[in-house]
There are 2 protein chains.
Amino acid sequence: MSKQFSSVFIREPRPAKTGGLGRAQIVQAAVEILDAEGTQALSMRKLGAKLGAGATSLYWYVANKDQLHELVLDEFWGMVDTPEPEDASWREVLTTFGYNLRETMYAHPWSTDLIGRIPSMGPNAFRITDRLRRSFVQAGFSGIDIYLASGTVMCYVLGQVIPDIAFSKAYGADQLDAKVGIDEQMDQLAAGYPEMLAEYRDQICMDPDVARAMAFDFGLICVLDGLEARLRKARRL
Amino acid sequence: MSKQFSSVFIREPRPAKTGGLGRAQIVQAAVEILDAEGTQALSMRKLGAKLGAGATSLYWYVANKDQLHELVLDEFWGMVDTPEPEDASWREVLTTFGYNLRETMYAHPWSTDLIGRIPSMGPNAFRITDRLRRSFVQAGFSGIDIYLASGTVMCYVLGQVIPDIAFSKAYGADQLDAKVGIDEQMDQLAAGYPEMLAEYRDQICMDPDVARAMAFDFGLICVLDGLEARLRKARRL
DNA sequence: ACCTGAACACCGTTCAAGT
DNA sequence: ACCTGAACACCGTTCAAGT
């Protein structure tokens with residue numbers, strides 16, 4: 001808000017010549033903490049300690065915590081396997097990308113917090129953007145539509161997964177007690193919406209993972225169908 | 001992560017008989033702080049001070065900060081104007097809803113932080129869910145598809161706006177200096193992706209608000225077209 | 001060039017105590 | 001029933017100082 005934001009990626013990283021810390025190790029340690037304990041567990045102090053360094057040593061490599069987050073977020077984008085456009089049809093590329101992004105987000109739930117707060121402007125994010133772009137060029141999109149189509153698929157996946165992970169974080173998949181509790185809570189909360197409640201009950205019979213996958217698939221197909229419709233319309237002109 | 005989550009909405013709020021605080025005033029004050037200073041400025045201490053009360057008085061009305069966030073988030077959903085399904089076609093209802101949700105999010109950028117961390121299970125959220133549901137029933141969707149279609153539109157909007165607001169927060173729309181800085185940074189960051197950079201430059205000529213609106217519109221139409229295709233397919237059976 | 005420690009100005013939450 | 005103050009265990013960040 002107040003301070004001028006400056007991307008970590010804008011200046012050369014401080015080199016890690018000697019046996020010093022270096023960005024690579026810092027990011028790796030940060031990801032380990034995030035994977036093990038979640039977003040709020042990552043503090044500069046804890047990260048420093050994990051690296052066997054003073055808490056404030058990190059400020060040599062990074063201007064502030066936001067920049068650390070930028071590095072970690074790009075590390076996340078690096079984990080998302082994105083097929084080369086030349087190897088498959090655009091629908092296949094986008095479907096695979098969508099599923100991979102979704103999977104990587106579930107595997108690293110802290111990603112949602114960062115995506116919602118930190119711009120994705122690192123090299124790994126750009127690499128993905130460019131692959132999607134090439135895929136849409138191949139499909140026949142042109143001009144600004146390339147960028148728009150790419151954004152649409154991306155947005156759909158993020159919008160699907162972000163709130164779902166928020167929900168999972170609240171009602172942790174850990175305890176069985178919780179699951180019992182949810183149903184009771186839902187009954188109480190959704191009173192007054194009998195149809196909604198009925199649908200919720202229908203869903204509950206299913207494996208929740210299956211239900212989520214079904215919802216994701218439904219929407220992804222919608223988005224791709226919509227893109228294909230636009231492609232046909234453009235070809236007809 | 002560690003603690004069992006329990007929704008604020010599960011138990012009756014403590015009544016505000018006398019001239020005490022009461023949830024309504026607490027939420028209102030919290031929204032004022034969020035609107036004025038952003039997510040990270042909202043602390044229990046500051047909120048208490050604003051209400052002329054001790055910092056810890058709030059814990060009488062709310063178990064913890066997450067529950068305060070739950071209340072505030074539902075207040076946000078209450079701000080999203082959702083048309084009654086009876087008044088228009090399903091495409092109109094969904095388009096209007098999409099645009100209104102988007103607008104409300106931009107007007108209250110803190111919403112993205114909460115949507116990414118707090119489940120939306122308050123009465124206002126449910127009211128919206130039910131209206132969308134009825135709209136899709138009217139459109140001709142049935143069974144689980146009602147829920148899936150609704151989720152698809154919702155997800156698209158969230159996915160579009162959340163990362164965009166993250167970007168805006170970083171490069172605050174405040175200073176002119178920043179805008180100059182962005183271009184230079186982009187040149188440096190996107191080196192190696194000449195086509196991407198060219199597209200970025202094309203976009204820069206436009207008013208950024210117009211560009212954003214265009215991207216949003218493009219995707220929303222895709223999603224609705226995809227839903228309509230599915231509707232036609234279902235009717236044919 | 002790289003790291004440290006102390007210090008500053010904050011946090012959320014608990015809990016005994018007040019009225 | 002409602003609110004308080006002190007206290008606990010934390011934060012991110014700055015900065016002079018060390019090697």
Side-chain angles (χ1 to χ4, degrees), chain A residues 1-6 8 11-26 29-30 33-34 37-72 110 113-114 117-118 169-170, chain B residues 1-6 8 11-26 29-30 33-34 37-72 110 113-114 117-118 169-170:
Chain A
M1 277 291 162
S2 45
K3 257 192 285 187
Q4 169 64 20
F5 182 84
S6 175
V8 222
R11 293 231 170 273
E12 282 304 296
R14 291 265 166 66
K17 288 179 186 176
T18 69
L21 278 69
R23 279 187 179 175
Q25 296 127 79
I26 291 175
I33 291 176
L34 287 168
E37 305 181 67
T39 316
Q40 60 178 343
L42 178 64
S43 71
M44 301 301 260
R45 287 172 150 91
K46 195 182 278 187
L47 179 55
K50 181 169 182 123
L51 290 161
T56 59
S57 311
L58 305 164
Y59 285 88
W60 180 255
Y61 299 94
V62 135
N64 49 40
K65 203 184 181 185
D66 272 357
Q67 289 203 346
L68 173 66
H69 281 152
E70 255 194 305
L71 290 172
V72 168
W110 44 266
D113 292 310
L114 298 192
R117 207 171 44 243
I118 307 289
K169 277 175 185 162
Chain B
M1 274 294 163
S2 45
K3 255 192 288 186
Q4 168 66 20
F5 182 83
S6 174
V8 222
R11 291 232 172 272
E12 282 304 297
R14 290 263 165 66
K17 288 180 186 176
T18 70
L21 279 70
R23 278 187 179 175
Q25 296 127 80
I26 292 176
I33 291 176
L34 288 168
E37 304 181 68
T39 318
Q40 59 178 341
L42 179 63
S43 73
M44 300 302 260
R45 287 173 150 91
K46 196 182 277 187
L47 181 55
K50 181 170 181 121
L51 290 161
T56 58
S57 310
L58 304 164
Y59 285 87
W60 180 255
Y61 299 94
V62 135
N64 50 39
K65 204 183 181 185
D66 271 358
Q67 289 202 344
L68 173 66
H69 281 153
E70 256 195 305
L71 290 172
V72 169
W110 43 267
D113 292 309
L114 298 193
R117 209 171 43 243
I118 307 289
K169 277 176 187 164

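For clarity, every value in this text was computed on a predicted model and none was experimentally measured. Chain naming here is simple, since letters A, B, ... match the order of the sequence lines and numbering starts at 1 in each.
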Listing time: all N or O pairs from protein to nucleotides 4-6 of chain C that are below 3.5 Å?
from: C:dT4; atom 1: OP2; to: A:G54; atom 2: N; distance (Å): 2.5
from: C:dT4; atom 1: OP2; to: A:S57; atom 2: OG; distance (Å): 2.3
from: C:dG5; atom 1: O6; to: A:T56; atom 2: OG1; distance (Å): 2.8

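- Look at CG on B:D66: it is 17 Å from P on C:dC11, rounded to the nearest Å.
- Between A:L68 and A:M44 there is a side-chain heavy-atom pair separated by less than 4.5 Å.
- Scanning for side chain to side chain donor-acceptor pair (under 3.5 Å) contacts around B:K65 gives an empty result, with sequence neighbours left out.
- A salt bridge is absent between B:D66 and A:K169: the closest approach of a Lys/Arg side-chain nitrogen to an acidic carboxylate oxygen does not fall below 4.0 angstrom.
- For the pair A:L42 CG and D:dC10 P, the interatomic distance rounds to 16 Å; values are reported in whole Å.
- Rounded to whole angstrom, the span from the NZ atom of A:K46 across to the P atom of D:dC11 amounts to 7 Å.
- We find that CG of B:N64 is positioned 8 Å from P of C:dT14, with the value rounded to whole Å.
- A gap of 15 Å separates the C1' atoms of D:dC10 and C:dC8, to the nearest Å.
- Rounding to the nearest 0.5 Å gives a distance of 10.5 Å between CD1 of A:I118 and CG of A:L71.
- Counting only heavy atoms from C-beta on, B:Y61 has its side chain closest to D:dC2 among D:dG12, C:dG12, D:dC2.
- Between B:V72 and B:W110 the shortest side-chain heavy-atom distance falls below 4.5 Å.
- Residues A:L21 and A:W60 have side chains not in contact (no heavy-atom distance under 4.5 Å, counting atoms from C-beta outward).
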Just distance, no hydrogens or angles: give the donor-acceptor pairs under 3.5 Å from side chains in residues 47-57 of chain A, sequence neighbours left out.
from: A:K50; atom 1: NZ; to: A:E32; atom 2: OE1; distance (Å): 3.1
from: A:S57; atom 1: OG; to: A:G54; atom 2: N; distance (Å): 3.4
from: A:S57; atom 1: OG; to: A:G54; atom 2: O; distance (Å): 3.1

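- Contact between the side-chain N/O atoms of A:W60 and the OP1/OP2 oxygens of C:dC3 is not found at any separation under 4.0 Å.
- B:K65 has its NZ atom 14 Å from the P atom of C:dT14, to the nearest Å.
- Atom CD of B:Q25 and atom P of D:dC3 are 10 Å apart (whole Å).
- Side-chain contact check for A:D113 versus A:H69: every heavy-atom pair is 4.5 Å or farther apart.
- Residue-level contact check: A:L47 touches neither bases nor backbone, having no heavy atom under 4.0 Å from any strand.
- The CD atom of A:Q67 sits 15 Å away from the P atom of D:dG12 (whole-angstrom rounding).
- The shortest distance between side-chain heavy atoms of B:V62 and B:I26 does not fall below 4.5 Å.
- Comparing D:dC3, C:dT13, D:dT13 against the side chain of B:L21 picks out D:dC3 as the nearest.
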Per-residue pairing states of DNA chain C in dot-bracket (Watson-Crick or G-U under 3.5 Å; . unpaired, | other strand) read ||.|||||...|||||.||
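- Residue A:Y59 has its side chain nearest to D:dT14 when only D:dC11, C:dG12, D:dT14 are considered.
- Atom CZ of A:R45 is separated from atom P of D:dT14 by 13 Å (rounded to the nearest Å).
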